[in-house]
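First comes the structure, then the notes that go with it.
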Amino acid sequence: MDNRAGEMQVFLRVVEAGSFSEAARLLRMTPSTVSKLISRIEARLGVRLVERSTRRLSLTPEGQIYYERSQALLHDLDEVEQELAQGATTTGGTVRVNISVALGVLGLEPLLPEFWRIYPNVTVDLSLSDEIVDLYLDRTDVAFRVGTLPASGMIARRIGIARRKIVAAPSYLDRHGIPLRVDDLSRHNCLGFNFRRLAPVWPVRESGRIVDRAMTSSLLANNGETVRRMALAGVGLARMGDYHVRADIAAGRLVEVLADVIEPDEEQIHAVFLGGARMPQRVRVFLDFVVPRLRQFLDGRA
């Protein structure tokens, strides 16, 4: 009989205990049985998971991956059993959500009070970050992603489009002038991001085609809200999603520049998740509630 879940539990205990003998004591097994079980896993996978020494075990890179994935899978198994024990249609439990700072603060957070009035037994474990997370390793149920989605086993629901605009505070434009051409950007402080996945460039249209233009900046931040605040303070130009600066432009705190150059500059926004037809009820009701309302927000109808 296949008992990989049991093998994973033994492997986790070995790693956490730091030795076969201590793990065997905790599991009430013999050290030789534990050692043979780990060897069987390694033989099946065709890789070494742990480096054995007289003092302490250490994980190989493959062992670290197996450890992290085993933790996540066993946690999910516990949740499945708890959910089924409570009833398949019970809407309760925790939904782990990752979303960018701006979209989270402006778009998602205002929706949560109404969501909890309808689903009071659902806990939303909310992380605001502009970095891309690994849904498996971070045990995230739903992540909202801006930009092109890589090929993966995840399922996605399209929410809408973020249209990028170049904006600046009136005080900055008074001091440095209004850029009228692409070449003018080289004279300006173009606030940027420090994500590992992004180069410090802005895509702009030149001679009918989109060109990644290198920019100089006094700021590289890991979230759009910091860039927005620095733009409001008159530090420089910022390239932001329209939903992020919509209220600032309407109030005159920020001014859009080079609209004919930066267009079209759009990125898709998706909700990505795991599970498909076997998705937990708590995740399903969260998506069904949030996705259409976020679409209205991005379209400026909320």
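Counting all heavy atoms, side chain and backbone alike, M230 lies closest to L219 at CG-CD2, 3.6 Å. When all heavy atoms of A156 and V272 are compared, the closest pair comes out as CB-CG1, 3.9 Å. Here the closest heavy-atom approach between residue G252 and residue P170 is recorded as O-CG, 3.5 Å. Summarising the geometry of S217 relative to C190, their closest heavy-atom pair is CB-O, 2.8 Å, with the distance given to 0.1 Å. When every heavy atom of E22 is checked against every heavy atom of A17, the shortest pair comes out as CG-CB, 3.7 Å. Heavy atoms only, all atoms of each residue included: L191 and A231 are closest at CD1-N, 3.8 Å.
Taking the side chain as every heavy atom from C-beta outward, I159 and V291 approach each other to under 4.5 Å. When side chains are defined from C-beta on, E42 counts as touching V50, because their heavy atoms get closer than 4.5 Å. When side chains are defined from C-beta on, L128 does not count as touching S100, because their heavy atoms never get closer than 4.5 Å. Between E62 and Y66 the shortest side-chain heavy-atom distance does not fall below 4.5 Å. Between T216 and S186, every side-chain heavy-atom pair lies at or beyond the 4.5 Å cut-off. Within the 4.5 Å cutoff, side-chain heavy atoms of V290 are placed close to those of F144. Under the 4.5 Å side-chain criterion, counting only non-hydrogen atoms from C-beta, D288 is in contact with R157. When side chains are defined from C-beta on, V95 does not count as touching L287, because their heavy atoms never get closer than 4.5 Å.
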Review point. How far apart are the C-alpha atoms of E225 and H244, what are their side-chain angles, what is the distance that settles it, and do they pass the side chain to side chain contact (heavy atoms under 4.5 Å, CB included) test?
Key: CA-CA 8 Å; E225 183 58 18; H244 197 174; 2.8 Å; yes
Practice item. For E7 and R4, run salt bridge (Lys or Arg N to Asp or Glu O under 4.0 Å): C-alpha distance rounded to whole Å, both residues' side-chain angles, the deciding distance at 0.1 Å, then the answer. Key: CA-CA 5 Å; E7 291 178 347; R4 276 181 278 187; over 6 Å; no
Exercise for review: Please assess L12 against Q9 for the test side chain to side chain contact (heavy atoms under 4.5 Å, CB included), listing each intermediate value before the final yes or no.
Suggested key: CA-CA 5 Å; L12 293 184; Q9 290 173 326; 5.8 Å; no
Practice item. Begin from the C-alpha positions of V122 and F115 and carry the test side chain to side chain contact (heavy atoms under 4.5 Å, CB included) through to its verdict. Key: CA-CA 9 Å; V122 176; F115 174 79; 3.8 Å; yes
Exercise for review: Determine, step by step, whether F286 and V97 satisfy the side chain to side chain contact (heavy atoms under 4.5 Å, CB included) criterion, reporting the C-alpha distance in whole Å, the side-chain angles of both residues, the deciding distance to 0.1 Å, and the verdict.
Suggested key: CA-CA 10 Å; F286 177 81; V97 180; 3.6 Å; yes
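Distance check, rounded to the nearest 0.5 Å: CZ of R145 to CD1 of I99 gives 12.0 Å. Rounded to the nearest 0.5 Å, atoms CG (L254) and CZ (R246) are 14.0 Å apart. With values rounded to the nearest 0.5 angstrom, M29 atom CE is found 6.0 Å from L37 atom CG. The distance from the CD1 atom of I269 to the CG atom of L298 is 4.5 Å, given to the nearest 0.5 Å. Here the CG-CZ distance, from D299 to F297, works out to 10.5 Å after rounding to the nearest 0.5 Å. Remark: R13 CZ to R25 CZ distance equals 10.0 Å, nearest 0.5 Å.
Cluster membership for V245 and I161, using ILVMFWY side-chain heavy atoms within less than 4.5 angstrom, is not shared. Under the 4.5 Å side-chain heavy-atom criterion for grouping Ile, Leu, Val, Met, Phe, Trp and Tyr, L26 is not connected to M8 through any hydrophobic cluster.
Listed for the R295 side chain is a donor-acceptor partner under 3.5 Å among the backbone atoms of R158. A donor-acceptor pair is defined here as one N or O able to donate and one able to accept, closer than 3.5 Å; no such pair exists between the side chain of T140 and the backbone of R96. Put simply, the side chain of N222 never gets that close to the backbone of D130: no donor and acceptor are under 3.5 Å apart. Judged by distance alone, the side chain of T60 and the main-chain N or O of R48 form a donor-acceptor pair under 3.5 Å.
Inspection of the T30 and S32 side chains reveals an N or O donor paired with an N or O acceptor under 3.5 Å. Donor-acceptor pairing under 3.5 Å is lacking for the side chains of T94 and D125.
A salt bridge is defined here as a Lys NZ or Arg NE, NH1 or NH2 lying under 4.0 Å from an Asp or Glu carboxylate O, and E114 with R117 fails to meet this definition.
Each of L237, L258, I249, V257 was scored for a side chain to side chain contact (heavy atoms under 4.5 Å, CB included) with V167, with one residue passing: I249.
Taking the six-membered ring where tryptophan is involved, the planes of Y172 and H188 are tilted, since the angle between them lies from 30° to 60°.
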